[in-house]
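Inspection log for the structure reproduced underneath, given as structure tokens.
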There are 2 protein chains.
Amino acid sequence: MAWKESHKQVSRERILTAAAKLFTHKGFDQVGIDDVMQTAGMTRGAFYAHFSSKTELYEQAIINAGLAAAAHFNEGKLSLDELINRYLSQAHLRSNDIRCPLPCLVSDMAHEDERVKHTYTKILKGFTQHLDAITEGKSNADTVLLQAVLLIGGMAVARSITDEKLSKKILSVCSEAAKNAAAN
Amino acid sequence: MAWKESHKQVSRERILTAAAKLFTHKGFDQVGIDDVMQTAGMTRGAFYAHFSSKTELYEQAIINAGLAAAAHFNEGKLSLDELINRYLSQAHLRSNDIRCPLPCLVSDMAHEDERVKHTYTKILKGFTQHLDAITEGKSNADTVLLQAVLLIGGMAVARSITDEKLSKKILSVCSEAAKNAAAN
DNA sequence: GTCTATAATCGGATAGAC
DNA sequence: GTCTATCCGATTATAGAC
């Protein structure tokens, strides 16, 4: 019994990991259940033993991606400046792994239903709370929001263009501004 | 002959206007050619007399939306502060008309082909050039890029969440930061 | 150039064997 | 729980009448 339960959990995790990666890279519509299940090493038919619909998977996958990103960008208890450097890095810009869902899906949310948008909102609040916690009281709500927009918006805009030089410039300008935000 | 030519132009403009509105509101995948043509007052079959594919329409519609937004946000030769106020306004946040494609489609671009991304890049450059021109040499390239990210990113993030209070807060924080950007 | 009708395909969801 | 096979709706694109 315990065997089977844990096996199902493992399959579910594989599906979620595949979905988190695919959705953050390609968005909701351009990812099929087929893609997800093949990446997870299974076939289409097995999907509905784990999730009731593609939308439910999306919601769970976004949470999963958010947690993975939080773990990644918090590895080693970084300072604020180190976090900013890592978040707005070339490595994050072109990561082949799960990406932070906040910049990847920011404009996609306008088309999604309220439930999914609500999940996104919670992830954003988790992000700002982390930014707040990392500065240990030296910051305030406005500063943290500004930093969040610079990180999310900077990464989103840098990814959306073909001019690599401009892309790098955007990352560096946003990085500097985010670090200096507390001073104003 | 001139009649027919101009009639075709009028139809094409109607399609483009409908497409610009629908794409900026719902994104590429969630808009069908049917939707566009019905909004334009025609039927599906007429579409291919004007565009060779949905992707070609998308590209042209983005340009159209960019021009419409530029005209709208430049109406009356605004100062930089007035432009920022108008761009990050509640009216723009919830506009039922054509919206600026830059925040609407920022994360969608990651999934599009190079040609479409290149079009988006040109619109972004037009936006920054306008920000540069409006300040009449009092600004520099870095400041203008920072302001662009604050306007585009601020609007995109504000639209992506369900918490209205937080949404307004984001707009006001970004507005203030964009106005003060030149000072740093 | 615009219409109706249709071809061809793709993707989400279900049914039933194992 | 996972597989194969299938249904069904939606959508892009084309064909041919007017």
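As the structure is a computational prediction, the values presented were derived from the model and not from experiment. A note on names: the letters A, B, ... follow the listed sequences, proteins ahead of strands, and every chain is numbered from 1.
- For B:I33, whose side chain is taken as the heavy atoms from C-beta onward, the closest listed nucleotide among D:dT2, C:dG1, D:dA13 is D:dA13.
- The side chain of B:S53 sits closest to D:dA13 out of D:dT2, D:dA13, D:dT4.
- Residues A:S52 and A:D35 each lie close to DNA chain C; by heavy-atom proximity, the contact nearer the 5' end of the strand is made by A:D35.
- Rounded to a whole Å, the CG atom of A:L22 is 13 Å from the P atom of C:dG11.
- Minimum atom distance to the side chain of A:Y48 is reached by C:dG12, of the listed C:dG12, D:dT12, D:dT2.
- A salt bridge links A:D34 with A:R44: the closest approach of a Lys/Arg side-chain nitrogen to an acidic carboxylate oxygen falls below 4.0 angstrom.
- With rounding to whole Å, A:F51 atom CZ is found 15 Å from C:dG12 atom P.
- Residue order along DNA chain C, read from the 5' end via each residue's closest nucleotide, puts B:A49 first among B:A49 and A:T55.
- Rounded to whole Å, atom P of D:dT12 lies 9 Å from atom CG of B:D29.
- Side-chain atoms of A:K21 and A:N96 include no donor-acceptor pair closer than 3.5 Å.
- Listed candidates were D:dG1, C:dG1, C:dA13. Nearest to the side chain of A:K54 is C:dA13.
- Under 3.5 Å, the side chain of A:R44 and the base of D:dT2 form no donor-acceptor pair of N or O atoms.
- C:dG12 atom C1' lies 17 Å from atom OH of A:Y58, rounded to whole Å.
- Following rounding to the nearest Å, B:R12 (CZ) and C:dT2 (P) show an atom-to-atom distance of 12 Å.
- Checking B:D163 against A:T121 by side-chain atom types alone, no donor-acceptor pair falls below 3.5 Å.
- Within the 4.0 Å cut-off from OP1 or OP2 of D:dC3, at least one side-chain nitrogen or oxygen of A:T43 is found.
- If you check every strand for non-hydrogen atoms under 4.0 Å, B:V36 touches nothing.
- Look at CD on B:E13: it is 16 Å from C1' on C:dG1, rounded to the nearest Å.
- The six-membered or imidazole ring of A:F73 lies near that of A:H92, with a centre-to-centre distance under 6.0 Å.
- Heavy atoms of B:G45 sit under 4.0 angstrom from at least one base atom.
- Atom CD1 of A:I15 is separated from atom P of C:dG12 by 14 Å (rounded to the nearest Å).
- Comparing C:dC3, C:dG1, D:dC3 against the side chain of B:K8 picks out C:dG1 as the nearest.
- Atom-to-atom, CG of A:L57 to P of C:dA13 comes out at 10 Å; the value is rounded to the nearest Å.
- Aromatic ring centroids of B:H111 and B:F28 lie 6.0 Å or more apart.
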